[in-house]
Enquirer: 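My questions all concern the structure below.
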Number of protein chains: 2
Amino acid sequence: MKSLFFTAFLILNLSNFAFAQSKKPNFIIIFTDDQGYGDLGIFGHPSIKTPNLDQMAMEGQKWTNFYVAANVCTPSRSALMTGRLPVRTGMFSNTRRVLFPDSDGGLPASENSIATLLKTSGYATKAIGKWHLGHLPAYLPTSHGFDSYFGIPYSNDMDRINDVDAKEAFANPKYQYFNVPLMRDTEIVERPADQNTITKRYTEEAIKYIRENKEIPFFIYLAHSLPHVPLFASKDFLGTSDRGLYGDVIEEIDWSVGEILKTLKKEGLDQNTYVVFTSDNGPWLVYNEQGGSSGGLFGGKGTSYEGGVRVPTIIWGPGNVKPGVVNQIGSTMDLLPTLCSLSDTQKPDDRIYDGYDLSPVLKGENKSPREEMFYYHGDRLFAVRKRDYKLYFYKNNPLGYPAKVEKLDTLQLFHLPHDPSERFDIAAENPEIIAEIQALVKEHQSKLVMGATQLEKRIEK
Amino acid sequence: MKSLFFTAFLILNLSNFAFAQSKKPNFIIIFTDDQGYGDLGIFGHPSIKTPNLDQMAMEGQKWTNFYVAANVCTPSRSALMTGRLPVRTGMFSNTRRVLFPDSDGGLPASENSIATLLKTSGYATKAIGKWHLGHLPAYLPTSHGFDSYFGIPYSNDMDRINDVDAKEAFANPKYQYFNVPLMRDTEIVERPADQNTITKRYTEEAIKYIRENKEIPFFIYLAHSLPHVPLFASKDFLGTSDRGLYGDVIEEIDWSVGEILKTLKKEGLDQNTYVVFTSDNGPWLVYNEQGGSSGGLFGGKGTSYEGGVRVPTIIWGPGNVKPGVVNQIGSTMDLLPTLCSLSDTQKPDDRIYDGYDLSPVLKGENKSPREEMFYYHGDRLFAVRKRDYKLYFYKNNPLGYPAKVEKLDTLQLFHLPHDPSERFDIAAENPEIIAEIQALVKEHQSKLVMGATQLEKRIEK
């Protein structure tokens, strides 16, 4: 009897395997908000426990030099979704750094999102969580290639009711203080969104979608609205972590990741699904204990120092992603070309992409096609990394506030692998490296056509 | 034929298993020198790869709040070896913070080392690597319970030859610049010790010892002399890491750990051996790129801020140590009572121990018996941790240099799990916690009998 069961089990698994080989792979991008480089166990946090993410990193690739294209929310998200720098797509501004409830702009229709492209390959597409690329109908996920959407359209601290003091609202957050809408597709289904249960509900939505779409290739973009302040955790997690409320939030996200991976395994989809975990920018340090930590990196959200733009990243895909630690450079902008490559999806060739196809690195190749990163702060080129070296043209407060950005009188240069905390400026000893990076900048800028800013448009009252 | 092999294999393994159950467990303590909290992959370093230590941590316990008793070498090592604070044993000083080649002192004969105690339970005992508890015959490992010894008696930067400039000697180290002796038991067998191959030779010595002693319980104290500056790596590792020479050194130590665990598995000893990996103090930050990193912690070697005294610690023992992350407080001083407990070894009851038996935590209990740490700097009580809170009485430069230590005008208090980087002083809001810690200090000091300093004695010329 036992061996009969075993044989049946084997056949079932073999058929799953055969099936997995013939179907295009599924993709899940899990994108957290303001989670710092140091805010996972396996990225070194001393009091937050993330057993599911730790295990995911051991089974997959832990990327230690993975960047977002901008140090705040809206531009960073636009770059992930389009594979292009915000300065090209218009998702940048020097005065309004993200979209607000009174914004009249969003991701232009001329931009192709990952979802739009994957749709051409027959993918089912779902966006869950925070969008923040425009909350008006023309800009919502359903206008950008997603079959359906469930989440909040902008940050969870927006629409604050006027009679609550900001300090009180953040120190003892109640979701009623923030009149943020929860949307299904283009409709508001709850307002204010009950943020206590939001991570849980996003997770349930993702799991349901996986179960309902296991016969066709799917793409899920799960953009958690936390740990952006104000912080909320469900009853099961509230008060349970050693790190206080911030830790409760991360540990609930870790639980969520665990549930999703468990579902993939249970449904026999793990061998044909790539899961990416990353964050949209560094920790919001000015919120003290309610903000996260960039670990040993310098600076946080709102700066283009390493702590503001390097994000904790894990790429998982049993049988498809060669496990290990990857110290090579990658970026959220690389996800679009990588997912297109893995799914045999064509990208339109009428525009410049800033992303690279990382699929060879996922398969185990030792050298990333990405050798440089341009770190824009609004329209200003704040810094550039080329291979091991990062050259700074600007400076600002490492806490990201006050927000003032100033041109450096003397350029600063750091060797990041040797000096990840950016303690030792080696500009004076390395004029030839500076010249090399300056040449790269010149070439980059010669091809750059700036998009018209979308972030400064306001709804007329 | 195949099944015959399998049956034979099974019998062999069962006999190993039965044998393992009847024998006292083996212990290996791997102790690195000046390795910072952030200098392992699994503790968050972005460019040093430590796959063997990462795996060891996943199979065992990763301790995130594990402390040494002092922020420099000699006192820290004495505390590990005796389970007692340096102020009790005399292994402290305010003027000479460690032992030097001209020192006439060392660990007093009245102190019992872990090895001395384990010998009473029939253990074979071996010390490998840096000792630094006295290089005169009365103080060497063989006078403190070790059957044999192979290593250097003090730091690898000592006995520098006079005609080499210090800056040159550290920037482009050649082992010939440092006339450090390599000893076997009480004899000098090589001088200067060839430090290029020293990690490799320590490892070979440990593996040989494991193989030769597998029939009896053994204790190996493997105290690497690196990554203390000057840095050396063998040919196989030189120039191979992304982190430069410092990374090469750590990656060679990681290799060494892997070889030792592999040997234990191969010899069928893994189910009956506990392996502890830890460091003697924080990174020596004043040596810039040649020093390590405390990750997100504040300060380094020579300070009692978290970066100076919290060390990356892994405790491994398949089948005996419940895998997971442990955020509870532990200390190198706890190793003596823990090893005694695990091996049913009696400790003399004529003295105060500062260590606690952590064996319940190793088995999976959620609560460490250790709730406090006293951080001495010489004879001054610099800070005290009680559960989540750390209270500072003194301050010094977080880089550990200049070495001046000053009394604080206003005490400082930090909640370490919430604020591991010690950014937010919460003394003003928490007078009752300060009072509680002050009461603890009073009680502690009422029972404290200071030992006579051993570190200021010099050989007469």
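In this text the structure is predicted, and so the values were computed from the model without any measurement. Chain naming here is simple, since letters A, B, ... match the order of the sequence lines and numbering starts at 1 in each.
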Enquirer: Checking heavy atoms, do the side chain of A:Arg243, its backbone, both or neither come under 4.5 Å from chain B?
Expert: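 Looking at A:Arg243, backbone and side chain both touch chain B.
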Enquirer: What is the distance from atom CE of B:Met58 to atom CD of A:Gln55, rounded to the nearest 0.5 Å?
Expert: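 The CD atom of A:Gln55 is 4.5 Å from CE of B:Met58, to the nearest 0.5 Å.
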Enquirer: Pick one of side chain, backbone, both or neither for A:Glu306, based on which atoms fall under 4.5 Å of a heavy atom in chain B.
Expert: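 Neither the backbone nor the side chain of A:Glu306 comes within 4.5 Å of chain B.
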Enquirer: Counting only heavy atoms not in B:Asp165, do more than 12 sit closer than 6.0 Å to its CG atom?
Expert: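 For B:Asp165, atom CG is crowded (more than 12 foreign heavy atoms under 6.0 Å).
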Enquirer: Where is the tightest heavy-atom contact between B:Tyr37 and A:Gly44, given as atom of each residue plus distance?
Expert: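 Scanning both residues, the minimum pair turns out to be CE2-O, 4.1 Å.
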Enquirer: Please check this pair: side chain of A:Lys49 against backbone of B:Val326, looking for a donor-acceptor N/O pair closer than 3.5 Å.
Expert: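 A pair under 3.5 Å: no.
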Enquirer: Surrounding NZ of B:Lys265 (heavy atoms of other residues, nucleotides or ligands, distance under 6.0 Å), is the total greater than 12?
Expert: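 It does: B:Lys265 NZ has more than 12 such atoms within range.
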Enquirer: Please answer whether the main-chain N or O of B:Ser47 pairs with a side-chain N or O of A:Asn327 as donor and acceptor at a distance below 3.5 Å.
Expert: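 A pair under 3.5 Å: yes.
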Enquirer: By a 4.5 Å heavy-atom criterion (distance strictly below it), what part of A:Asn65 contacts chain B: side chain, backbone, both, or neither?
Expert: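 Just its side chain gets close to chain B.
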Enquirer: Please classify the contact between B:Asp388 and chain A as side chain, backbone, both or neither, with a heavy-atom cut-off of under 4.5 Å.
Expert: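 No part of B:Asp388 comes within 4.5 Å of chain A.
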Enquirer: Measuring from A:Asp54:CG to B:Asp54:CG, what's the distance to the nearest 0.5 Å?
Expert: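 Reported value, rounded in 0.5 Å steps: 10.5 Å.
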Enquirer: What part of A:Pro46 gets within 4.5 angstrom of chain B, counting heavy atoms only: side chain, backbone, both, or neither?
Expert: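 Looking at A:Pro46, backbone and side chain both touch chain B.
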Enquirer: Where do A:Gly41 and B:Lys62 come nearest, in terms of heavy atoms and distance?
Expert: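 Reported closest heavy-atom pair: O-NZ, 2.8 Å.
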Enquirer: Might you point out which heavy atoms bring A:Leu399 and B:Arg423 nearest each other, and give the distance in Å?
Expert: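 The answer is CD2-NH2, 3.5 Å.
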Enquirer: Please classify the contact between A:Ile426 and chain B as side chain, backbone, both or neither, with a heavy-atom cut-off of under 4.5 Å.
Expert: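 Interface part for A:Ile426: neither.
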Enquirer: Please determine, among B:Ile48, B:Ile42, B:Leu40, the option with the most heavy-atom pairs under 4.5 Å with chain A.
Expert: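 It is B:Ile42.
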Enquirer: Pick one of side chain, backbone, both or neither for A:Phe424, based on which atoms fall under 4.5 Å of a heavy atom in chain B.
Expert: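 The side chain, not the backbone.
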